[in-house]
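One structure is given here, and the rest of the page talks about it.
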Amino acid sequence: MNEKKGSLHPITQVTREIYDIFKEIGFDIAEGPEIENEYYNFDTLNVPADHPARDMWDTFWLKPLEAKKLLRTHTSPVQIRYMENHKPPIKIIAPGKVYRNEATDATHEAQFYQLEGLMIGENISLADLKGTLKYFFEKFLGDKVEIRFRPSFFPFVEPGVEVDMKWKGKWLEMGGAGLVNPKVFEAVGIDPTEWQGFAFGFGLDRIAMLKFGIDDVRYLYNGDLRLINQF
């Protein structure tokens, strides 16, 4: 009798490969709770009280509402918790599941996996960010890639950028990044005049889709073994 062996989910495979790549350049792995509070998910990340991301349409708030508990909308709270308990220099990645109250389609899910990175040191610049991301994508995709930055806004970085990667002749939007906003450093007791840093965030689901040629993110979550057995 031939027994079929199990296989790792594509998201797990991608996550483990990313672990190995960032470990090569000195990054540690940090984790945090999926049930968060408003302080770590928004306040310490310089997200204003009237920002649309706090609206019920984007965030899953948990009852009782006065407790201000929620399902984390990004893995940035992991960075905050890590900075509270570790002194610079810091180099971490924070992969994990996040939740957003939005409609699902081929490229969006209400729950998905995210990868965030944080590096803090002396005289850190956008050049360090670009070099780190270029190294990662070249190692991960096994080919030379081009990286470009487009100006954007995120409350927790200044300046903020959208990161595009040129892949098979096309520019693909990969995520957001930038230099850590001094207000974030101040919230966790790090002197922004002494230390600088960069942060970035990408969707692991999107990276897996790119890596394996999957054209609908919902395939990763519908439990269909015909997909999983391919890996």
Side-chain angles (χ1 to χ4, degrees), residues 27-62 65-102 110-121 124-126 128-129 132-133 149-163 173-204:
F27 280 73
D28 293 322
I29 299 169
E31 297 180 331
E34 294 181 17
I35 295 179
E36 264 296 356
N37 58 47
E38 186 177 39
Y39 176 77
Y40 284 106
N41 199 82
F42 293 126
D43 295 345
T44 52
L45 289 162
N46 193 40
V47 180
D50 58 352
H51 195 280
R54 294 183 182 237
D55 192 272
M56 286 289 291
W57 294 107
D58 295 317
T59 304
F60 288 107
W61 293 93
L62 305 179
L65 294 179
E66 56 269 22
K68 297 185 177 181
K69 295 283 187 178
L70 53 92
L71 296 179
R72 66 183 181 189
T73 59
H74 47 188
T75 51
S76 296
V78 179
Q79 299 180 21
I80 296 296
R81 291 178 178 275
Y82 194 92
M83 285 188 285
E84 284 184 335
N85 295 287
H86 297 80
K87 294 182 179 180
I90 291 172
K91 295 172 73 174
I92 61 168
I93 57 170
K97 187 182 289 187
V98 299
Y99 306 84
R100 293 182 186 173
N101 191 8
E102 59 182 30
Q111 66 168 27
F112 56 97
Y113 285 85
Q114 195 172 57
L115 171 77
E116 300 215 13
L118 173 70
M119 178 175 177
I120 303 174
I124 298 296
S125 69
L126 286 175
D128 298 297
L129 170 62
T132 300
L133 295 180
F149 291 161
R150 290 179 291 108
S152 189
F153 171 77
F154 304 99
F156 31 84
V157 290
E158 179 60 42
V161 296
E162 295 279 359
V163 180
E173 181 182 321
M174 300 306 298
L179 297 183
V180 179
N181 193 308
K183 292 183 179 179
V184 174
F185 280 151
E186 292 169 357
V188 295
I190 293 177
D191 185 353
T193 64
E194 181 179 0
W195 302 100
Q196 299 78 47
F198 66 70
F200 61 84
F202 303 127
L204 277 174

[X] [atom1]: over 12 foreign heavy atoms closer than 6.0 Å:
X: E31; atom1: CD; answer: no
X: I35; atom1: CD1; answer: no
X: K91; atom1: NZ; answer: yes

If you compare all heavy atoms of [X] against all heavy atoms of [Y], which two are closest, and at what distance to 0.1 Å?
X: L204; Y: P95; result: CD1-CB, 4.2 Å
X: A199; Y: V157; result: CB-CG1, 4.4 Å
X: E162; Y: G175; result: OE1-O, 3.3 Å

(request) Could you pull out all residues at least two apart from F154 that satisfy ring-ring contact (aromatic ring centres under 6.0 Å, His included)? (result) none
(request) Could you pull out all residues at least two apart from F198 that satisfy ring-ring contact (aromatic ring centres under 6.0 Å, His included)? (result)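 For F198, no residue satisfies ring-ring contact (aromatic ring centres under 6.0 Å, His included) once neighbours in sequence are set aside.
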[X] [atom1] to [Y] [atom2] distance, which is reported to the nearest 0.5 Å:
X: I29; Y: I93; atom1: CD1; atom2: CD1; answer: 5.0 Å
X: F60; Y: R100; atom1: CZ; atom2: CZ; answer: 11.5 Å
X: I92; Y: H86; atom1: CD1; atom2: NE2; answer: 8.5 Å
X: L70; Y: E34; atom1: CG; atom2: CD; answer: 12.0 Å
X: D191; Y: Q196; atom1: CG; atom2: CD; answer: 9.5 Å
X: F42; Y: K68; atom1: CZ; atom2: NZ; answer: 11.5 Å

Report, one line per pair, each donor and acceptor closer than 3.5 Å where one atom sits in a side chain of residues 176-188; sequence neighbours left out.
residue, atom, partner, partner atom, Å
N181, OD1, K183, N, 2.9
N181, ND2, P155, O, 3.3

(message) Quick check: do E158 and N46 have side-chain heavy atoms less than 4.5 Å from each other?
(response) no
(message) Is it the case that the side chain of S152 and the backbone of G160 share a donor-acceptor pair, with hydrogens and angles ignored and the cut-off at 3.5 Å?
(response) no
(request) Determine yes or no for a side-chain-to-main-chain donor-acceptor pair under 3.5 angstrom, with R72 supplying the side chain and G96 the backbone. (result)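 Judged by distance alone, no pair lies under 3.5 Å.
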(request) Apply side-chain contact (heavy atoms from CB on, under 4.5 Å) to M174 and L133, showing your working. (result) CA-CA 11 Å; M174 300 306 298; L133 295 180; over 6 Å; no
(request) Would you kindly say whether T73 and N41 are connected by a side-chain donor-acceptor distance under 3.5 Å? (result)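 The criterion, which ignores hydrogens and geometry beyond distance, is satisfied for N41 and T73.
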(request) Return the orientation label for the H74 and F156 ring planes: parallel under 30°, perpendicular over 60°, tilted otherwise. (result)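 Geometry flag for F156 against H74: perpendicular rings.
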(request) Name all residues meeting the salt bridge (charged side-chain N to carboxylate O under 4.0 Å, His left out) criterion together with D43; count only those two or more places apart in sequence or in a different chain, and write none if there are none. (result)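 Per chain and number, D43 pairs via salt bridge (charged side-chain N to carboxylate O under 4.0 Å, His left out) with R54.
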(request) Kindly write out the residues that satisfy salt bridge (charged side-chain N to carboxylate O under 4.0 Å, His left out) with K97, not counting sequence neighbours, or none if the list is empty. (result) none
Report all side-chain donor-acceptor pairs from residues 112-119 shorter than 3.5 Å, counting only partners two or more places apart or in another chain.
residue, atom, partner, partner atom, Å
Q114, OE1, T75, N, 3.0
E116, OE1, S76, OG, 2.7
E116, OE1, Q79, NE2, 2.9
E116, OE2, T75, N, 3.3
E116, OE2, T75, OG1, 3.4
E116, OE2, S76, N, 3.2
E116, OE2, S76, OG, 2.9

